[in-house]
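A short worksheet on the structure shown next.
Chain letters run A, B, ... following the sequence lines, proteins first, then strands; residues in each count from 1.
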Amino acid sequence: MAQSGNHIIAKPSQEHDHGHGKEGHHDLESLRMMGFWIFLITDCILFGTLFATYVVLNGNTAGGPTPAELFEMPGVIAETFILLTSSFTSGLAVLSMNRGDRKGLIRWLLVTVLLGASFIALEVTEFMTLVHEGASISTSAQWSAFYVLVGTHGLHVTIGLVWMIAIMIQLKQHGINSVTRRKVNIISLYWHFLDVIWIFVFTIVYMMGVM
Amino acid sequence: MLDKIKDFASDFFVTGDPLIYGADVSIGLTIIAVVFALTYFKKWTWLWRDWLTTVDHKKIGIMYVIASLLMLFRGGVDALLMRTQLAIPDSEFLSPEHYNQIFTTHGVIMILFMAMPLMFGLFNLVVPLQLGARDVAFPFLNSLSFWLFFFGAMLFNVSFVIGGSPDAGWLSYPPLSGISHSPGVGQDFYIWGIQISGIGSLMTGINFIVTILKMRAPGMKLMKMPMFSWSVLSSCLTIILAFPILTVTLALLFIDRYLGAHFFTLDGGGNPMMYINLIWMWGHPEVYIVVLPAFGIFSEIAATFAKKKLFGYKSMVFALMSISLLSFFTWAHHFFTMGSGANVNAFFAVTTMIIAIPTGVKVFNWLFTMYRGRLSFPTPMLWMIGFIPCFVVGGMTGVLLSVAPADFQFHNSYFLIAHFHQVLIGGVAFGYFAGLYYWWPKVFGFKLNEKIGKWAFWTWNIGFYVCFMPQYFLGLMGMTRRVSSYGWDKGWYELNLTSTIGGFLMGIGFLFQVWQILHSIKFMEKDTTGDPWDGRTLEWTIPSPAPLYNFATLPQVTEKDDFWEEKQRIAQGHAPKPRPQLEPIHMPKNSGIPFVMSAFWFVAGFGFVFDWLWMAIPGLIGVAVCMLVHSFRYKTDYYISVDEIKRTEAAARRVV
């Protein structure tokens, strides 16, 4: 009997309830946060594969235009600054949330959305110019890899914009609670992640392309 | 107008082959029968409420198993068609084009739509129960994963009667799979079928990693976790690292085909070899993804039926993890002959051989677990024992293939075919059968008939060796894979005929299993103990089938094989562990969104296959709307009251 004395049992909700007791909501939200981190790992692999493809096919222009001939850096640098700034403003949104300031939170998210939208607008303009100058996705392997890599990043940003708007509406409806807090944390994480990816795009595609 | 419709229909529907007309008729009849039965017995709401919208991991697991067994049937019929064609030289049973389609679909279906879903089925049926958890981490996502797999598989399968099947091999190497060499829709079915179900697989990977890391019962440290859960963790880690590569590879192939890009084309600076590298960076880890959980199953079964602790627990964990890591450094051994150079080949030859070490460690662990155990041999144990010699031989021929210079002889020959069927059938199929037999009573509340099970085991096993041993020799005699016919002068006739007989024996084994299931449903007694095998892990502590919430109170774990230790303690006269008080249980609500969203994916995929943007774009919009609707749902859970838990537990004859 002495042995069974070792098994003192706490009430489950006080120890490791892992999100299923009455106070379980907080745990549930932290699970989702962890799931999102793992999703970001998979997204890293996805972009890693696209970068690898770009690097392998870089220079395979099949006699067509080269990146060095067509890239216009001022526009790209503007895009970069806009995206970096939007990452900063999404950080400010989280700070407002942590202060419990719903209005500030929504306002900073709005600024982030506007900056993200202008990034996309600049990118679309750039793509249109490139196509106009004779470099489309079917021109050569070089440009196929370019459009798909940069375009996938752009697609991620666009999805992020729709998502952020949805979260802003939910913040209006529900205010700041454990669920919306997690959602804002996740979109902010996502947004910073896209920023990091863009820095690689800027370096590997654009800087190395014009050098 | 009528001519236009006729034109379209003759393009749209596959015609001209009696096999396909037969399939048309049987598909039509099946659909009519299902619709009629559901209507006649008024089961539509039952279907929707209890199954299509369920987020219960146990039901999702059952659906995975059913779907994968259907796919096993289809993949198996494909295999028998091929073996029939090859039984006799100069046979005209299948045309070469049809033969190409059949080996392509056989490979895809067996790996992606049979092995993967059967594996996910076992994950769902077992892992939460084994961890002492009430659910997986993300029940909604779990349901979505299943429906994406299901609709992806359906999209792939529909190519048989609509539009035409893919025929460029199960990994679709360009330029053969490019628009220049495969202008039809078959390749697009391939791309979208796999892509849609692949997204589901990726999400399952994420789901089970979080489940295993975060949802274990209190006290279950990682190093006290059952070995099957360890194997699932290693498999899921490999999934999340490998599947994004597949997603990208298929997307690039589609962009090549659809937008005229030049990733893998022969012109425009494309590089087909890039595709082959990428697809194997996913493809090689993929074979470990499907085999690692089988290793976990064997570990559970060896310990249970030897009534001993698993030998070398820590080395087993280490072996699983090192295999999932090493699997990413072997991909180039699939193309030693494609001119990578001696140094690259040597690197990949050595990494491939290294994998034999942890695998060998495991085999010895199982043998030592059984050594001096109190052994019994019910069907799960039979499959485990049958696996060992089969996998050892398969592993050895794998090491032979990994010797780069020797591979120049074996490459693309029947030697290779024999090798990978030996490890995939001997390892994966035998493993998952063992797992199904072992956990069947937990899932359905009754054991499967042992006598018919033994018939199934022996016909499968004998059939296996009769089928694949001759293929090693055929390979050495110069028969290459993917040949649809050969002459009398080759000297391959006897061995091929033998192989075909073995193939049909395995088919009979499958029929025995179907009979076994049907017979057992009707005649087997209900398992009232919840622990029919005298098990060791937590899933055997609860009634069979498990109640909706799995555990009325979360178990407190103190040791490895906690349930077994507890039983020993009680047998020695100690009091059982005290149980905490019942509390209301937090549960997720059902949702129709996963089903609807996956159906929209199907619509989008079908639209892209036929270049119908009018169909694809609304499909994608539907997907996006479903995601938004889900995002706006806040009341996604409910509580099961203490009274109801008491009622359920009492009904399961386990009064708390």
| task | Counting only heavy atoms closer than 4.5 Å, note whether B/I255 contacts chain A via side chain, backbone, both or neither. | result | side chain
| message | What part of A/L57 gets within 4.5 angstrom of chain B, counting heavy atoms only: side chain, backbone, both, or neither? | response | side chain
| query | Measuring heavy-atom distances to chain B, does A/T53 have an atom under 4.5 Å in its side chain, in its backbone, in both, or in neither? | reply | both
| query | Would you say the side chains of A/T180 and A/N177 form a donor-acceptor pair under 3.5 Å? | reply | yes
| Which answer fits B/Y634, side chain, backbone, both or neither, if we ask what part of it has an atom under 4.5 Å from a heavy atom of chain A? | side chain
| said: Quick check on the interface: out of A/T61, A/I167, A/V56, who has the most heavy-atom pairs with chain B under 4.5 Å? | reply: A/V56
| task | Could you check whether the rings of A/F71 and A/Y206 sit parallel, tilted or perpendicular, using 30° and 60° as the cut-offs? | result | tilted
| message | Determine whether the aromatic ring centres of residues A/H153 and A/F200 are separated by less than 6.0 angstrom. | response | no
| request: Side chain from CB out, backbone as N, CA, C, O: work out which of these in A/Q173 comes under 4.5 Å of a heavy atom of chain B, or both, or neither. | output: side chain
| query | For B/I239, is it the side chain, the backbone, both, or neither that has a heavy atom closer than 4.5 Å to a heavy atom of chain A? | reply | neither
| request: Flag the one option from A/S144, A/A145, A/A62 with the top tally of heavy-atom pairs under 4.5 Å to chain B. | output: A/S144
| message | Please determine whether the number of non-hydrogen atoms from other residues, nucleotides or ligands lying under 6.0 Å from atom CE of B/M627 exceeds 12. | response | no
| query | Do A/F51 and A/Y54 have ring centroids that are under 6.0 Å from one another? | reply | no
| query | With a 6.0 Å cut-off on ring centres, are A/H156 and A/F47 close enough? | reply | yes
| query | Can A/Q170 and A/K183 be counted as having a side-chain donor-acceptor contact under 3.5 angstrom? | reply | yes
| query | So what's closer than 4.5 Å to chain B heavy atoms on A/I137: side chain, backbone, both or neither? | reply | both
